[in-house]
Amino acid sequence: MIIVLKPTADKTQIDHIVEKIEKLGLKPWVSEGVERTIIGVIGEEDVVRTLPFEGIPGVEKVLTILKPYKLASLDYKNTPSEVNIGKGVVIGGKRAVVMAGPCSVENRQMLLDVAQRIKKSGALILRGGAFKPRTSPYSFQGLGEDGLKYLAEARDKTGLLIVTELMDIRQLDTVMEYADIIQIGARNMQNFDLLKEVGRTKKPVLLKRGIACTIKEFLMSAEYILSGGNFNVILCERGIRTFETFTRFTLDINAVPALKSLTHLPVIVDPSHGTGRWGMVNAISRAAIAAGADGLMIEVHPNPEDAFSDGDQSLLPDKFVRLMKDTAKVAKAVGRTM
Ligand code: PEP
Ligand code: MN
């Protein structure tokens, strides 16, 4: 439910309403707009509906949010959210932000080399997995905390920010210490306990779409994080499983405008996992920006043939330079910078 306040509502009236909501064991979410303040009330639908808020001073009207996701919806906030990562980097603003780097952090030197190359090409954020979700238990599982240390060193040397995956609640504090953005991978999109934990922090979270999850389920997972108090959520479309086997996944380009019509959260696209083929990554990056994506996540490797993971979809640094140039033209055509 949303309580829309009168433009004249003052702080005493707002505090009074907040207090009333809390007394009923419900959670108020105050959103201060330019013209007026609104208060979202989250809790048992039946309890919420019985509240007599319309008679309280300062209240203009009370609306019910019919969607199952509340805080993520445009009903709660109808202007695009910008997620501030630090060092002036914002996701969801005019500039389409590119995150790039190897699938896995394999060793210190290769990470530092890739970081320098992608920085020169205009990427703002370095990606790299230190804890890797692998289909086979016999595949490389990541370097763990050593990998995080290399990422932090690369950040110090280049000024890039870093995004890396958190797979397990037990690693939360460690990953929090190093990462600028915590990535929740496709396989953990519905790990609700993990979502609740990152929801208790204020760290930006990159939530990747599950491989068999609908847009509604995707937004419900985002809602878990928001309802914990963390509004710094970035959604990432990374392809879903369909009957098609030519590509590794089917990148759901529809998801970009669909999400934009439902949520205020920024949306980025990962054409590397979405295609599984490096030769398609440039075209799909351009398509994503044309469709309105707020950024891209791209896998780049100095020697994809020998990559520990996802070599087939990783771009050589030179090919990444090309991608940045080609995609910047599309960004310009749709009124964005890159
Ligand atoms: C990744 O980004 O390396 C990754 C494992 O992504 P996803 O969770 O989308 O498969
Ligand atoms: Mn990967």
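Counting starts at 1 for both ligands and their atoms, in listed order. Predicted model only: the values in this text are computed from it and were never measured.
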For atom 6 (O) of ligand 1, the protein heavy atom that lies nearest, with its residue and separation: Lys208 NZ, 2.9 Å
Presence of salt bridge, Arg248 and Asp310, under 4.0 angstrom: yes
Any N/O pair Glu165/ligand 1 closer than 3.5 Å: no
Pairing of Glu165 and Lys132 as salt bridge, 4.0 angstrom limit: no
Any N/O pair Arg187/ligand 1 closer than 3.5 Å: yes
Protein contact of atom 1 (C) of ligand 1 - nearest heavy atom, named by residue and atom, plus distance: His273 CE1, 3.2 Å
Lys157 and Glu153 ion-paired at < 4.0 Å: yes
Verdict with supporting geometry, Glu237 and Lys208, salt bridge (Lys or Arg N to Asp or Glu O under 4.0 Å): CA-CA 6 Å; Glu237 163 59 40; Lys208 298 190 88 175; over 6 Å; no
N or O contact, Gln183 vs ligand 1, cut-off under 3.5 Å: yes
Opening angle between SG in Cys103 and NE2 in His273, taken at the Mn ion (ligand 2), to 10 degrees: 170°
SB check Asp75 Lys70 (cutoff 4.0 Å): no
Contact with ligand 1 for Cys103, non-hydrogen, under 4.0 angstrom: yes
Ligand 1 N/O within reach of Ala186 N/O, cut-off under 3.5 Å: yes
Gln109 and Tyr150: side chain donor to acceptor below 3.5 Å: no
